[in-house]
Amino acid sequence: MNLGLRGKRAIVTGGSQGIGRCCALALAREGVRVCIAARTRTTLDSVVAEINSAGGEGHAVAVDLTRRENCDAVVNETVGAFGGVDILINNVGAARNADILHLDVAQISEALQLKTYSYLRMAQIVIPLMRENGWGRIVNIAGGAGTSPTRSNIPTGAANIAILNVTRALSDAVSGDGILVNTVCPGLTNTSRARIQQQARAEREGRDVEAVLNDLGATVPAGRMAEPEEIANVVAFLASEPCSYVFGSSIYMDGGGRRSTP
Ligand SMILES: NC(=O)c1ccc[n+]([C@@H]2O[C@H](COP(=O)([O-])OP(=O)(O)OC[C@H]3O[C@@H](n4cnc5c(N)ncnc54)[C@H](OP(=O)(O)O)[C@@H]3O)[C@@H](O)[C@H]2O)c1
């Protein structure tokens, strides 16, 4: 399938590693010019080199996306480098979770600040640019925790469920302008974040974190975690030209683990 993405201009937040890096590379292989944003310059620079090798054109902005002015800076730099923005992949996220009986509510605020608020701000800033061209794609990376709360994932879940609501509202506001907004909800995915999230449990149980992750992967029908490349393939389709009749939707990529419908 020709995704019709050659020459498009994208921003991927949290694009320096994990799912964001794979999204940036999947778009680059389609000839997209990709700006990635995260805090650490060294990892950003190495992914820019990978984007260039993959057939795209890379640019990076080193910023902390919890700050509103930094969201503006990412868009301004992308417009300066590429002349506009056609695709936004909102992916940044790094919630600190804790058991509900000991959870500091500040952790919920932090999760909302980094993830939900930056997603909404980034969308608000790029939408006027997309409207000028009558075309745009916004993909928000949320996560299964939004609709599957446990006693230990409330900050992540609070940010994710709010993103599902934001996606629906944004979609209603802009789908008539040719701008399609969707959410992808990954299940457990093989990234360094998954390791950080499970490290405390591994230490508590006196086990290796890889064994904990393998056991968690074995509990879903797929029998394993997702690979970040698998998430990125679906994100690239949702960002594409042939994706013309999917919007305001949430795509669950959890290896069949989700029990509720729809
Ligand atoms: N992995 C999973 O199992 C899983 C499951 C469901 C949903 N998700 C969601 O998928 C998304 C990506 O997860 P991942 O596992 O790929 O995470 P990851 O490997 O930890 O990557 C996170 C990215 O965000 C950047 N980042 C973190 N804090 C930032 C900040 N304050 N400002 C700017 N950039 C920041 C990181 O770079 P710097 O640290 O250099 O800033 C990095 O590029 C997240 O939204 C996560 O909630 C992941």
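Just so you know, residue 1 is the first one in the sequence shown, and it goes up from there. Treat the numbers as computed from the prediction; the structure is a model and nothing was measured. In each ligand, atom 1 is the first atom listed, and ligand 1 is the first ligand listed.
- Taking only non-hydrogen atoms, the option from Ile19, Leu213, Val92 nearest to atom 35 (C) of ligand 1 is Val92.
- Considering each of Asn91, Ile141, Asn153, the one bringing a non-hydrogen atom nearest atom 45 (O) of ligand 1 is Asn91.
- In plain terms, the two heavy atoms of Ala95 and Arg193 that are nearest each other are N-NH1, 3.3 Å.
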Before you tell me yes or no, could you show the steps for Asp86 and Arg9 under salt bridge (Lys or Arg N to Asp or Glu O under 4.0 Å), namely the whole-Å CA-CA distance, both residues' side-chain angles and the distance that decides it to 0.1 Å? CA-CA 5 Å; Asp86 307 296; Arg9 302 149 304 182; 2.9 Å; yes
Determine whether Ile11 and Ile87 satisfy the following criterion, side-chain contact (heavy atoms from CB on, under 4.5 Å), listing intermediate values before the conclusion. CA-CA 6 Å; Ile11 294 172; Ile87 296 163; over 6 Å; no
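- Residues Gln17 and Thr191 have side chains that never bring a donor and an acceptor to within less than 3.5 angstrom of each other.
- Judged by distance alone, the side chains of Ser152 and Asn97 never bring a donor and an acceptor atom under 3.5 Å apart.
- The ligand atoms of ligand 1 that sit less than 4.0 angstrom from a heavy atom of Ser192 are 19 (O).
- Heavy-atom separations between Ala159 and ligand 1 are all 4.0 Å or longer.
- For ligand 1, the atoms sitting less than 4.0 Å from at least one non-hydrogen atom of Ala142 are 7 (C), 8 (N), 9 (C), numbered in the order shown with element in parentheses.
- Across Met253, Lys115, Arg195, Gln197, heavy-atom proximity to atom 47 (O) of ligand 1 is greatest for Lys115.
- With ligand atoms numbered from 1 in the order given, ligand 1 contributes 5 (C), 6 (C), 7 (C) to contacts under 4.0 Å with heavy atoms of Pro186.
- Near Asp64, the atoms of ligand 1 lying under 4.0 angstrom from a non-hydrogen atom of the residue are 30 (C), 31 (N), 32 (N).
- Looking only at protein heavy atoms, the nearest one to atom 25 (C) of ligand 1 is Gly14 CA, 3.8 Å.
- Among protein heavy atoms, atom 5 (C) of ligand 1 sits closest to Gly187 O, 3.2 Å.
- Neither Phe237 nor Phe247 shares a network with the other; the hydrophobic side chains, linked directly or stepwise wherever heavy atoms of I, L, V, M, F, W or Y lie under 4.5 Å apart, form separate groups for each.
- Annotation for ligand 1: atoms under 4.0 Å from non-hydrogen atoms of Leu65 are 30 (C), 32 (N), 33 (C).
- The option with the heavy atom closest to atom 39 (O) of ligand 1, from among Arg39, Gln198, Met225, Arg21, is Arg39.
- Between the side chains of Asn190 and Arg195, a donor-acceptor pair is found at a separation under 3.5 Å.
- Of all the atoms in ligand 1, the ones that sit under 4.0 Å from a non-hydrogen atom of Thr40 are 38 (P), 40 (O).
- Relative to atom 22 (C) of ligand 1, the option among Gly18, Gly93, Ser16 with the closest non-hydrogen atom is Gly93.
- Near Tyr119, meaning under 4.0 Å from one of its heavy atoms, ligand 1 places the atoms 45 (O).
- Side chain to side chain, Asn90 and Asn140 meet the donor-acceptor criterion of an N or O pair below 3.5 Å.
- The shortest contact between atom 18 (P) of ligand 1 and any protein heavy atom is with Gln17 NE2, 3.4 Å.
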Test salt bridge (Lys or Arg N to Asp or Glu O under 4.0 Å) applied to Arg121 and Asp72, step by step: CA-CA 8 Å; Arg121 284 172 187 148; Asp72 287 303; over 6 Å; no
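- Hydrophobic clustering keeps Leu188 apart from Ile141 (ILVMFWY residues linked when any side-chain heavy atoms are closer than 4.5 Å, directly or through intermediates).
- For the pair Thr43 and ligand 1, the shortest N or O to N or O distance does not fall below 3.5 Å.
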Could you go through the side-chain contact (heavy atoms from CB on, under 4.5 Å) check for Gln198 and Leu216 one step at a time? CA-CA 10 Å; Gln198 297 306 325; Leu216 284 171; 3.5 Å; yes
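- Looking from atom 15 (O) of ligand 1 to the surrounding protein, the closest heavy atom is Thr191 OG1, 2.5 Å.
- With respect to atom 3 (O) of ligand 1, the closest heavy atom belonging to the protein is Thr189 N, 2.8 Å.
- The closest side-chain donor-acceptor pair between Thr183 and Ser250, if any, does not fall under 3.5 angstrom.
- Within the 4.0 Å heavy-atom cutoff, Val63 counts among the residues contacting ligand 1.
- At the top of the distance list for atom 13 (O) of ligand 1, counting protein heavy atoms only, stands Arg193 CD, 3.7 Å.
- Ile108 and Ala158 make their closest contact through CG2-CB, 3.9 Å (heavy atoms, listed as atom of the first residue, atom of the second, distance).
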